[in-house]
Amino acid sequence: MASNQTPQRAPLMSLDEALSQVLAQARVLPDTESVAILDADGRFLAEDLISGLQVPPQDNSSMDGYAVRLEDLPMAGAKLKVTQRIPAGQSGHALLAGEAARIFTGAPIPPGANAVVMQEDTQALDTESQQEGHPVVQVNVLPTQGQWIRRSGEDVRKGDIVLPKGTRLNPASLGLAASIGRAQVSVIRKPRVALFSTGDELVMPGAIAPEAMRPGAIYNSNRFFLRALLLRAGCEVTDLGIVPDNLPDTLKVLKAAAQGHDLVLTSGGVSVGEEDHVKPAVEQLGHLNLWQISMKPGKPFAFGQLNVQDTSKQAAAYFMGLPGNPVSSFVTFQLMVRPFLMALQGQVETASKPYLIQANFDFPKPDKRREFLRVQRNASGSLDLFPNQSSGVLTSVVWGDGVIDNPSLQAIKQGDWVRYFPFADWLQ
Ligand code: AMP
Ligand code: MG
């Protein structure tokens with residue numbers, strides 16, 4: 001290369017490529033624990049949940065009314081004698097010709113009955129019309145075969161895998177687990193994550209009052225949303241605070257953080273400036289890939305491994321370094337770190353699904369990088385754009401309720417259909 005030529009910048013890596021490299025390294029955590037389903041919301045199943053019974057266990061009534069035999073009802077207005085009463089929790093006996101059973105919601109259908117007539121479609125006749133000491137009911141509306149009968153096994157059949165290994169439990173799935181009789185489930189233990197921020201400019205809120213801040217100082221905002229995001233992703237977090245911008249301190253904290261943690265997560269210091277010490281420190285203690293990802297906000301992202309040999313014991317942890325700009329850090333967490341944490345906990349499908357929604361704005365000057373635009377759904381169901389898309393403006397992710405995933409160099413015109421990811425999907 002001629003010396004007067006400017007050196008070529010390394011091409012940016014695509015987000016999909018970076019994510020697939022990260023996910024390829026993710027090993028499901030080897031430890032499982034048994035937890036009560038009362039405490040299992042948000043945990044990841046380490047076993048298939050297989051049903052040992054039918055749900056519902058028997059055919060049962062979905063109405064308060066009368067269990068009948070269609071063959072006894074030639075026309076509306078037919079009368080039947082009521083020979084048994086079956087409340088929920090009890091079972092009746094076979095229904096004979098000309099008989100009806102008074103039945104309540106959830107009670108098993110007696111043998112011989114093939115429909116339920118809801119009580120609103122019947123009339124209980126007065127005592128004078130009793131037959132052989134039994135009350136009589138008049139059926140005013142003819143039922144159809146199987147009407148108001150919930151079939152045994154229509155929800156779950158015996159032997160079904162109701163929730164496969166890798167499922168993240170939520171309120172609905174906890175109910176389903178209980179419906180097959182599970183009180184305890186085996187789950188993957190929570191990932192242990194050590195978190196710290198780098199930057200000499202950072203000050204913890206509460207340490208110095210706003211009016212006393214020296215010039216150049218800013219409050220550490222990343223720590224707070226990253227910790228909250230980690231907790232929502234099911235992690236245990238060790239908060240290591242702020243680490244000054246120098247190599248010895250960075251090395252010391254990384255060494256300590258590698259002990260007893262699965263992941264060390266940092267923000268800031270992963271650019272390639274002189275004040276960015278994370279890269280050389282991780283390289284000394286293990287290995288590191290520092291990627292320039294074709295995404296906006298975002299771009300610098302570090303992924304590697306720490307292997308620390310301490311006097312007696314060997315400690316290993318994954319390492320992830322997020323950019324310092326708050327919005328870059330927030331978005332990169334969601335797109336790279338969160339799927340990785342899901343994979344550590346055994347979730348099979350980590351990709352979130354986009355919604356196709358119309359843009360309510362023009363975006364004529366797209367970026368070369370794939371861009372995640374902060375937007376808000378409006379009352380007519382289309383998307384409004386936050387006016388300031390700078391990577392330092394946290395207001396954009398507070399005002400916004402999600403992002404548009406906009407491909408490289410793609411202009412948007414009002415009315416275009418775009419791919420929208422709600423933050424709600426990422427904050428579960
Ligand atoms: P860096 O990645 O360290 O070069 O930081 C990029 C930008 O993000 C700088 O303007 C930093 O001041 C800012 N920044 C870094 N860390 C944080 C943090 N924890 N909270 C708020 N801003 C930060
Ligand atoms: Mg910095």
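Read the numbers this way: they start at 1 and go in the same order the structure lists the ligands and their atoms. Because only heavy atoms are used, hydrogens play no part in the values below, and waters and symmetry mates are left out as well, while side chains stay in. Position 1 is the first residue of the sequence, and the numbers go up from there.
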Q) Heavy atom under 4.0 Å from ligand 1: found in Val270's side chain, backbone, both, or neither? A) neither
Q | From the candidates Val327, Ile218, Asp245, the one that places a heavy atom nearest atom 22 (N) of ligand 1 | A | Ile218
(Q) Counting non-hydrogen protein atoms only, what is the nearest one to atom 4 (O) of ligand 1? Give residue, atom name and distance. (A) Ser271 OG, 4.0 Å
(Q) My understanding is that only residues two or more places apart in sequence, or in another chain, count here; which of them pass salt bridge (charged side-chain N to carboxylate O under 4.0 Å, His left out) with Asp41? (A) none
Q. Does CH2 belonging to Trp291 count more than 12 external heavy atoms closer than 6.0 Å?
A. yes
Q. Between Ser152 (side chain) and Pro57 (backbone), is there a donor-acceptor pair under 3.5 Å?
A. yes
Q. Considering only heavy atoms of Ser221, which atoms of ligand 1 have at least one such atom less than 4.0 Å away?
A. 20 (N), 21 (C)
Q. At the 4.0 Å heavy-atom cut-off, does Gly199 count as touching ligand 1?
A. no
Q.
If the cut-off is 4.0 Å to any non-hydrogen atom of Asn325, which atoms of ligand 1 fall inside it?
A. 6 (C), 7 (C), 8 (O)
Q: Have a look at Leu322 and tell me which of Leu226, Val331, Asn222 forms a side chain to side chain contact (heavy atoms under 4.5 Å, CB included) with it.
A: Leu226
Q. Which atoms from ligand 1 have a heavy atom of Tyr219 less than 4.0 Å away?
A. 20 (N), 21 (C)
Q | Distance filter under 4.0 Å to Gly269 heavy atoms, resulting ligand 1 atoms | A | 1 (P), 2 (O), 3 (O)
Q. Among protein heavy atoms, which sits nearest to atom 17 (C) of ligand 1, and what does the distance come to when rounded to 0.1 Å?
A. Asn222 ND2, 3.4 Å
Q) Looking just at side-chain N and O atoms, do Asn220 and Ser197 make a donor-acceptor pair shorter than 3.5 Å? A) yes
I'd like a table of donor-acceptor pairs (distance under 3.5 Å, sequence neighbours excluded) in which one partner is a side-chain atom from residues 207-217, with atom names and distances.
from   : atom 1 : to     : atom 2 : distance (Å)
Arg214 : NH2    : Asp200 : O      : 3.2

Q: Record the part of Glu275 in heavy-atom contact with ligand 1 below 4.0 Å; permitted values are side chain, backbone, both and neither.
A: neither
(Q) Closer than 4.0 angstrom, basic N to acidic O: yes or no for Glu33 and Arg43? (A) yes
Q) Are side-chain N/O atoms of Gln21 and Gln25 paired as donor and acceptor at under 3.5 Å? A) no
**Q.** Candidate with minimal heavy-atom separation from atom 23 (C) of ligand 1, of Gly324, Gly268, Gly216
**A.** Gly324
(Q) Using a 4.0 Å cut-off to any heavy atom of Asn220, which atoms of ligand 1 qualify? (A) 18 (C), 19 (N), 20 (N)
Q) Using 30° and 60° as the class limits, which term best fits the ring planes of Phe340 and Phe303: parallel, tilted or perpendicular? A) perpendicular
Q. Please state which protein non-hydrogen atom is closest to atom 9 (C) of ligand 1 and give its distance, to 0.1 Å?
A. Glu201 OE2, 4.1 Å
